[in-house]
Amino acid sequence: MGYRLGDITSGNATTNDSFLLGLFVAMMLVPIFAEMEFLGIKLKQEIDELKESIRIQFGDIKSDIRNSQNQTLNATFHSFGPPPSENKLSELKQEIEIIKSNPELVEVEKEGVDSDIPTDDNIDLFVVRYKIERIVNRLFAYFFPDIANNQRMSLLEQISQLSRSGLINNDVKTVLPKVLATCNYAIHGRPLTRKQIDFVKDNADVVISALSATYENRDMF
């Protein structure tokens, strides 16, 4: 093509020169157009695949951003963080005094709400949850100290990790979330049937004993 450039620019191009020039231009335009036809020859670029790849990657980016936002929201609204330090308590007492000085809030405080007093069932199921969580935390800290010290994991995540590692019996792992779910309902004042409450109260000792046995025999794993 370079050898014929002089003749082409001077107007002495042959038919072959015109064909080659047209083919060259068409090849240059292929990356721009998804499909071109030149003298009956179709030159197609795989742009559809490129578009699909870009779409997928863009979707992944949006998903990552959404997950990050959800994690931030969860951390903000669903985690109270650690208890206040003793130095912070004096500031919080000042806030309490401000609340007490509000006549509307003081009136509500005087009236009280008797129905909000926890029942024996609420307390019993709280104790069950407390005992289970204490044992699971000890098991997890023993077998996964690095994770326990550097990463905050929910109780259910700890149970899943222990179960995947064969440290919690499968039967116990099946029952445990249901027991904890019932306890959580009771702790947060959500309605439960008598049978649901009695199921936990009648069988909690079995579950707790199984977890305790695992902890007592931890050196055997």
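Just so you know, these numbers come straight off a predicted model, no measurement behind them.
The closest side-chain heavy-atom distance from T182 to L192 is below 4.5 Å. Annotation: side chain of F144 is in contact with side chain of L167 (closest heavy-atom distance under 4.5 Å). You'll find the side chain of I147 stays beyond 4.5 Å of the side chain of Q158, heavy atoms only. In this structure, the side chains of I132 and I208 come closer than 4.5 Å at one or more pairs of heavy atoms. The shortest side-chain heavy-atom distance between P118 and F126 does not fall under the 4.5 Å cut-off. The side-chain heavy atoms of I187 and L125, taken from C-beta on, include no pair separated by under 4.5 Å.
With hydrogens and angles disregarded, no donor-acceptor distance shorter than 3.5 Å links the side chain of S163 to the backbone of I159. Side-chain atoms of S209 do not come within 3.5 Å of backbone N or O of V206 as any donor-acceptor pair. With D198 contributing its side chain and K195 its backbone, the two residues share no donor-acceptor pair below 3.5 Å.
The local environment of NZ in K131 is sparse, with at most 12 non-hydrogen atoms from other residues, nucleotides or ligands closer than 6.0 Å. More than 12 heavy-atom neighbours from other residues, nucleotides or ligands sit within 6.0 angstrom of CZ on R194. Within 6.0 Å of CG on D202 lie more than 12 heavy atoms contributed by other residues, nucleotides or ligands. Open room surrounds OH on Y185; 12 or fewer heavy atoms of other groups in view lie less than 6.0 Å from it.
Note that the CG atom of D124 and the CD1 atom of I197 stand 9.5 Å from one another [nearest 0.5 Å]. For the atom pair CG (D146) and CG (N150), the distance works out to 6.5 Å, reported to the nearest 0.5 Å. Interatomic distance, CG of L92 versus CG of L89, reported as 6.0 Å (0.5 Å rounding). The OG atom of S90 sits 11.0 Å away from atom CD of E95, with the distance rounded to the nearest 0.5 Å.
Shown are L162, L155, I135; of these, the side chain to side chain contact (heavy atoms under 4.5 Å, CB included) with F140 is made only by L162.
Put simply, L156 and L211 are part of two different groups of oily side chains (I, L, V, M, F, W, Y) that touch within less than 4.5 Å, one to the next. When hydrophobic clusters are built by joining Ile, Leu, Val, Met, Phe, Trp and Tyr residues whose side-chain heavy atoms come closer than 4.5 Å, directly or via intermediates, V179 is not grouped with I123.
In terms of heavy-atom proximity, V207 sits nearest to V172 at CG1-CG1, 4.4 Å. The two residues A141 and A148 have their closest heavy-atom pair at CA-CB, 3.9 Å.
For the residue pair T174 and D171, no side-chain donor N or O sits within less than 3.5 Å of a side-chain acceptor on the partner.
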